[in-house]
Amino acid sequence: MAKQNVSEQFVDILVRAGVKRMYGVVGDSLNPVVDAIRRHKGIEWIQVRHEETAAFAAGAEAQITGDLAACAGSCGPGNLHLINGLYDAHRSMAPVLALASHIPSGEIGLGFFQETHPELLFQECSHYNEMISNPQQMPRLLQTAIQHAIGRGGVSVVSMPGDIASQPAPEKSVEHALITSRPTVRPGDEEIDKLCRMVDEAKRVTLFCGSGTAGAHAEVMEFAEKVKSPVGHALRGKEWIQYDNPYDVGMSGLLGYGAAYEATNECDLLILLGTDFPYNAFLPTDVKIVQVDVRPERLGRRSKLDLAVWGDVRETLRCLTPRVKPKSDRKFLDRMLKKHADALEGVVKAYTRKVEKHVPIHPEYVASVLDEIADEDAVFTVDTGMCNVWAARYLTPNGKRRVIGSFSHGSMANALPQAIGAQFTDRNRQVVSMSGDGGFSMLMGDFLTLVQYDLPVKVVLFNNSALGMVELEMLVAGLPSFGTTNKNPDFAAVARAAGAYGVRVEKPKQLESALRDAFKHKGPALVDIVTDPNALSIPPKISADMVTGFALSAGKIVLDGGVGRMLQMARSNLRNVPRP
């Protein structure tokens, strides 16, 4: 058997760790690793047009599968392009291994062509970031990187000079048994005892849920029933907790709706479950707060806590629920459910009346039709900006659908590359990229990746020829909108020129049939929908304390514009309220 070189050993270890593909752009120092992938039957090289896409795609794949995913960039500018997608994956707790290939080892530190220092560049967006400077470090260094990414949930970066990648691997290297999944974390008995006493003493308990409630839906519902608690959620918690939830009171935050804000501020015990919700202005300051999170560094960094609980949400509730005393008083829960339904009543028809005649098309209408006709197990990838609003308001979770976006990092242009990673996990599952024209055009080159691999991603393009969320930020700050308009091509014609299915929709009556036809198409498709840039209405009163930026943190902003099928859910929950 021929002796392995370092690249071949590197690829073997990735395959043992469950990596099925590596996204990237080939070139110089990366070539030995790509060649090793070419010769290995257990892994596929996915050629994208921009390394940022590679990192976003790997992050999305990891979020869909829960398994380790991988991306790579060549030396200098190549691996530097990975950084934005890696920040997003890291903040989303997606296990990703990034290979940052490096200039020749003998030239490091001498200002060589394309020289950067990846061990410094990626420090903030990784749990582990080291360079293989000697073949003897393999495979231990790579195994350590993999264990950091999987065990801690996030990014590990391995830098490797091209000349090291081509050298013979050490003959008697130690190969560890690799971890491929994370353990559960159970809180200590003392914390469970304290939390039990606090719940028993409280008259009004509210649960506020984030993405840490993934896999804990049944436990959250059981606990909410026992203590008669309203259940609100952050945007990243929506897909995990809103469906089949008779205690749902909506979402809080900048994109919030319903009675979640009231429920979190009018209780006397607020329990934050698996959420790193960043907008502390929406959290109360005069009620007792408990936070449960698997990452201890997140405990208490958004609000003052009366109890910090380090543990998985599911394991914590499994320990807690049998011990708390059942509550019989539903007054607070029923009042919040009614407030929630009343709040949704006021906006649900805002953009559904006379839609057949409204040109440009209301984006709310587009989102509502999309929600109705998309598959029950569709994966939606959502661009940052106004597409976040439409996804939050109109996509209906059901326990099978997934909604992925740059919800923590807030990057533009994430939807298309994330759709690429999501679609590679299952070509038969419907993947819909909800793209804004600003985000789509930023990484539009990777639409060609869909065509190259015949990936059946459906790009639904909300084309208002503007950076809508930025315009909102400017208006809130008292500034005239400037530099926010885009002069766009006919994106459908661009899609057709690239070899994909493309259709442009300018009238509401054309919308449903255009979407259905695109969804029936077996390959990649783009639906370019001309939408109303003035769809967002601003409240008549805006707090003087509000500041520029997406993270508007002071005061409660109401984004008018409907809430899709959520009113049905709220009405259904109200019907279940016991009558005296």
Side-chain angles (χ1 to χ4, degrees), residues 1-24 29-37 39-40 42-43 45 55 58 62 66-75 79 82 86 89-90 93-106 108-109 116-183:
M1 182 176 177
K3 182 177 175 61
Q4 280 189 320
N5 64 23
V6 170
S7 290
E8 291 166 336
Q9 190 180 61
F10 190 99
V11 172
D12 269 352
I13 293 169
L14 288 184
V15 173
R16 279 206 306 123
V19 174
K20 294 180 173 60
R21 56 194 65 83
M22 178 178 272
Y23 303 87
S29 58
L30 188 58
N31 290 342
V33 174
V34 176
D35 187 63
I37 292 173
R39 291 180 280 108
H40 201 299
I43 189 170
W45 174 259
D67 299 328
L68 183 70
C71 59
S74 59
C75 63
N79 65 61
L82 295 169
L86 293 184
H90 193 57
M93 294 183 67
V96 171
L97 188 286
L99 171 59
S101 70
H102 209 344
I103 64 171
S105 57
I108 294 173
T116 58
H117 291 87
E119 72 277 13
L120 301 177
L121 286 168
F122 299 103
Q123 196 66 40
E124 193 177 10
C125 63
S126 64
H127 291 305
Y128 186 84
N129 178 23
E130 295 290 348
M131 182 169 69
I132 299 174
S133 55
N134 188 304
Q136 297 300 320
Q137 293 172 276
M138 281 287 290
R140 290 178 299 155
L141 190 145
L142 179 57
Q143 290 169 169
T144 302
I146 290 169
Q147 289 170 181
H148 273 78
I150 296 173
R152 298 186 64 184
V155 171
S156 283
V157 180
V158 174
S159 307
M160 183 163 61
D163 59 314
I164 299 295
S166 300
Q167 291 183 20
E171 290 186 15
K172 294 183 179 180
S173 58
V174 177
E175 290 194 357
H176 301 293
L178 292 169
I179 63 167
T180 56
S181 61
R182 299 180 64 197

Student: Is Ser29 reaching over with its side chain to a backbone N or O of Cys75, donor-acceptor style, under 3.5 angstrom?
Tutor: yes
Student: Provide the closest heavy-atom pair for Asn129 versus Phe122 in the form atom of the first, atom of the second, distance.
Tutor: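 Result for this residue pair: ND2-C, 3.5 Å.
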Student: So Asn5 and Glu8, do their side chains get closer than 4.5 Å, heavy atoms only?
Tutor: yes
Student: NE2/His102 to OG1/Thr116 distance, rounded to the nearest 0.5 angstrom?
Tutor: 6.0 Å
Student: Which heavy atom of Val158 sits nearest to which heavy atom of Ala145, and what is that distance?
Tutor: CG2-CB, 3.6 Å
Student: To the nearest 0.5 Å, what is the distance between CD1 (Ile146) and OG (Ser156)?
Tutor: 8.5 Å
Student: So Tyr128 and Leu141, do their side chains get closer than 4.5 Å, heavy atoms only?
Tutor: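 Sidechains of Tyr128 and Leu141: in contact.
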Student: Could you report the tightest heavy-atom contact between Gly66 and Pro95, atom names first, then the distance?
Tutor: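 Smallest interatomic distance, heavy atoms only, reads O-CG, 4.1 Å.
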Student: Give me the one residue out of Lys3, Gln4, Gln9 that meets side chain to side chain contact (heavy atoms under 4.5 Å, CB included) with Pro168.
Tutor: Lys3
Student: Are any side-chain N or O atoms of Ser159 and backbone N or O atoms of Ile132, one a donor and one an acceptor, separated by less than 3.5 Å?
Tutor: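 Not confirmed, Ser159 side chain does not pair with Ile132 backbone.
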Student: If you look at every heavy atom in Leu68 and Ala149, which pair is closest and at what distance?
Tutor: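 In this case the closest contact between Leu68 and Ala149 is CD1-CB, 3.9 Å.
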Student: Please lay out, stage by stage, how Leu97 and Val19 fare under the test side chain to side chain contact (heavy atoms under 4.5 Å, CB included).
Tutor: CA-CA 9 Å; Leu97 188 286; Val19 174; 5.8 Å; no
Student: Quick check: do Glu130 and Thr144 have side-chain heavy atoms less than 4.5 Å from each other?
Tutor: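 They are not in side-chain contact.
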Student: Please examine the side chains of Phe10 and Leu99, heavy atoms only from C-beta on, and report whether any two atoms are closer than 4.5 Å.
Tutor: yes
Student: Can you confirm whether Asn134 sits close enough to Ile164 that some side-chain heavy atom of one is under 4.5 Å from a side-chain heavy atom of the other?
Tutor: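 Not touching, per the 4.5 Å side-chain cut-off.
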Student: Within the structure provided, determine whether Pro104 and Pro161 are in side-chain contact (heavy-atom separation under 4.5 Å).
Tutor: no
Student: Taking all heavy atoms of Gln143 and all of Ile13, pick out the closest pair and write down the distance.
Tutor: CG-CG2, 4.2 Å
Student: Looking only at heavy atoms, what is the nearest atom pair of His90 and Ser126, with distance?
Tutor: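 The pair with the smallest heavy-atom distance is CE1-C, 3.4 Å.
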Student: Is Arg16 salt-bridged to Asp12, cutoff N-O under 4.0 Å?
Tutor: no
Student: Does Ser7 reach the main-chain N or O of Ala165 with its side chain, forming a donor-acceptor pair under 3.5 Å?
Tutor: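 Side chain of Ser7 to backbone of Ala165, a donor-acceptor pair under 3.5 Å: yes, one is there.
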Student: Quick one, Cys71 and Leu86 - any side-chain contact, counting heavy atoms below 4.5 Å?
Tutor: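 Yes. Closest side-chain heavy atoms under 4.5 Å.
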Student: Side chains of Met131 and Pro118, heavy atoms from C-beta outward: is any pair under 4.5 Å?
Tutor: no
